Amino acid sequence: MANPRRAHDEPPAVRLALILTAVTIMGLLVVVPLAYVFIEAFADGPATYWANLAGDPDTLHSIKLTLMVAPVAVISNLIFGLAAAWAIARFRFPGRALLTSLIDMPFTVSPVVVGLFLLLLFGRQGFLGPWLQEHNIRIVFAWPGLVLATCFVTFPVIARELIPLMEELGADEEIAAVSLGARARHLFTLVTLPNIKWGLLYGLILCNARAMGEFGAVFVVSGHIAGQTDTMPLRVEKLFQEYNMPGAYAVSSVLAMLALVTLFAKTALEWRTRQELAAAARERAGENP
Amino acid sequence: MSISIKGITKRFGSFTALDDVSIEVPPGELLALLGPSGSGKTTLLRIISGLEVADSGSIFYQDEEVTKAAVRERNVGFVFQHYALFRHMTVFDNIAFGLKVRGRPKGEIRDRVHQLLRLIQLEGMEKSLPQQLSGGQRQRVALARALAAEPKVLLLDEPFGALDAKVRAELRQWLRRLHDEIHVTSVFVTHDQEEAFEVADRVVIMNKGRVEQMGTPGEIFESPATPFVMDFLGNVNVFHGHVRAGRARLGSLELAYPEYTDEESRAAMAFVRSHELEILRTKNGRPSLEARVTHVNVARSVVKVHVYSDAFGIALTVDVGWDRFAELRLSPGDVVHVSPRQMRVFVQEQREES
């Protein structure tokens with residue numbers, strides 16, 4: 001006997017069409033280009049691939065630079081994200097609503113505008129330019145500029161992850177800890193951190209992924225000095241402009257691999273959180289049937 | 001350790017949560033703060049604990065002033081309505097928390113936690129997580145956690161509010177027995193008068209940030225000090241009328257009121273508890289009110305008879321014992337006479353000239 005169709009089920013043709021559309025778009029826009037990057041990168045064998053990466057000092061430098069800029073940006077945003085989430089989730093203060101919407105701004109502003117803004121502030125002709133030159137501090141066209149641009153573009157990521165989580169958890173456990181004599185460090189390490197650790201880790205991974213792939217804002221402030229201020233995404237673009245396709249694809253493949261690792265870690269974390277929730281639900285059900 | 005609350009005032013913006021409240025809690029007493037929501041009872045509890053700071057007034061633990069001391073320095077045990085257990089910690093770690101953050105040695109912590117587990121009858125559960133426990137078990141763990149560091153005072157904020165009726169009744173008897181064993185000065189907040197009267201040595205009834213009455217459950221029940229207390233205790237009928245020259249007139253009821261002898265008539269309210277009213281088939285010479293039976297509720301240990309006085313325009317509830325009910329054989333529509341055995345009259349404050 002055929003199962004009777006439930007009220008919210010679409011006709012099979014509609015279902016099939018929707019699934020095919022989604023799969024086709026995903027395939028065309030994501031899977032095919034990603035596969036093509038790897039195919040092209042390895043077209044002349046692994047030896048050539050390795051030579052394209054390690055044999056080119058400028059490429060090697062861009063990888064090192066990205067591996068330096070991204071962690072600095074991630075750590076800055078970890079501090080900022082925790083502070084902002086704590087302030088917004090735990091305190092009521094004038095300007096709280098404004099701060100909440102300002103945190104989202106980097107997601108709504110074009111990264112190129114962010115880069116220009118940094119240029120106007122710290123550039124040679126910029127607002128702080130003369131003072132910086134006097135003190136021999138280089139920000140624009142140097143790594144501090146890259147870090148600033150990356151920080152700015154990625155700074156909502158961790159805060160966005162933590163604010164709803166901390167609001168849902170509430171301050172009850174923290175107040176209880178204070179009433180039991182806990183100092184600030186106990187409060188954070190013994191009570192708050194264990195409760196938010198998965199959300200925080202998830203935020204860190206997403207933030208790192210965005211930091212490594214950042215192009216627009218970094219493009220404006222880097223000055224494209226090969227071997228000095230080119231990060232991996234900028235190096236890809238430069239190699240592409242120089243018609244060095246194997247090189248461009250090789251660097252792209254490294255970025256793509258980083259993306260895949262991020263995706264894997266993100267999925268594992270989500271799975272882990274779901275497992276914990278499910279276990280908690282099962283235990284509750286067992287206790288009070 | 002006694003607690004002295006002296007002239008505490010607290011405002012939130014234009015709202016006065018506490019208005020010059022003073023209470024003495026002698027050592028070893030279990031005191032209940034009872035009142036409707038918004039009466040300031042929880043704010044007062046939080047000020048005693050140090051979780052909230054008063055605008056003025058002072059708090060003493062014995063002879064030591066703690067008004068300005070941080071929560072951490074006061075060494076209080078605080079039990080929250082929704083338990084606030086640390087969800088990622090086992091029962092053992094939850095109870096041990098207060099000792100751990102004070103840097104007590106491991107062996108001492110272990111002994112103390114096991115001693116408390118025996119006290120709350122949860123031995124063998126120390127490895128469970130809070131989410132594996134029932135509500136009543138969670139609240140017992142919260143209590144053990146609050147007691148672990150041997151607090152000077154124990155403060156409980158609606159400790160049974162989130163539990164179902166049966167568990168609540170069991171747990172409050174258990175708390176009473178526990179308090180008789182450990183004798184730590186305790187204050188607990190509740191809006192449930194039955195809970196307050198059953199558990200506490202003394203009850204403080206609060207309303208709009210002020211103390212309405214303080215006393216043992218018996219004292220408060222026998223002689224409510226204000227109309228608010230009378231009304232809050234419930235099961236009460238209210239009459240409006242006047243007093244003049246030693247008499248109170250409440251519609252067709254008239255009775256002696258020697259406390260007010262002035263010739264000038266003043267508005268008054270009279271309260272009669274449901275069990276202080278008597279239903280008569282015929283007048284017996286005592287002051288009474290003619291009324292019509294509207295509804296009879298038999299689903300209790302006493303029969304609740306609802307009557308309506310057309311002449312007076314007032315609905316009353318009368319408690320009638322089962323024996324008496326069988327004698328009267330009342331049914332809706334019957335015309336009866338209702339007579340108060342006892343009434344409490346409160347003369348209203350004279351309104352200011354406007």
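Model, not experiment: these values are computed from the prediction. Per chain, numbering begins at 1; letters A, B, ... match sequence-line order.
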Is it the case that more than 12 heavy atoms not belonging to B:Arg176 sit under 6.0 Å from its CZ atom? yes
What are the two closest heavy atoms between A:Ala176 and B:Ala84, and how far apart are they? CB-O, 3.7 Å
Relative to chain A, which segment of B:Phe86 carries a heavy atom at a distance below 4.5 Å: side chain, backbone, both, or neither? both
Report, as yes or no, whether the 6.0 Å neighbourhood of atom NZ on B:Lys10 holds more than 12 heavy atoms from other residues, nucleotides or ligands. yes
Just wondering, more than 12 heavy atoms not from A:Arg90 lying within 6.0 Å of its CZ? yes
Please determine whether the number of non-hydrogen atoms from other residues, nucleotides or ligands lying under 6.0 Å from atom CZ of A:Phe117 exceeds 12. no
Any chance CZ of A:Phe264 has more than 12 other-residue heavy atoms, nucleotides or ligands included, within less than 6.0 Å? no
Tell me whether the count of non-hydrogen atoms from other residues, nucleotides or ligands lying under 6.0 Å of CZ in B:Arg11 goes above 12. no
Should B:Val101 and A:Leu190 count as side-chain neighbours, where that means a heavy-atom distance under 4.5 Å? yes
Just wondering, are more than 12 heavy atoms of other shown residues or ligands nearer than 6.0 Å to CD in B:Gln121? yes
Are side-chain heavy atoms of A:Ser179 and B:Phe80 found at a separation under 4.5 Å? yes
Taking the side chain as every heavy atom from C-beta outward, state whether A:Ile175 and B:Phe78 have any atom pair closer than 4.5 Å. no
Flag side-chain contact, heavy atom, 4.5 Å: A:Glu173 against B:Leu85: no
Under 4.5 Å from any heavy atom of chain A, what part of B:Ala146 do you find: side chain, backbone, both or neither? backbone
Which atoms of A:Arg185 approach chain B - backbone, side chain, both or neither, heavy atom under 4.5 Å: neither
Interface moiety of B:Arg145 toward chain A, non-hydrogen atoms closer than 4.5 Å: both
Distance-only, no hydrogens or angles: does the B:Arg102 side chain make a donor-acceptor pair with backbone N or O of A:Leu180 under 3.5 Å? yes
Counting only heavy atoms not in A:Met68, do more than 12 fall under 6.0 Å of its CE? yes
Flag for A:Asn195-B:His88: side-chain donor and acceptor within less than 3.5 Å: yes
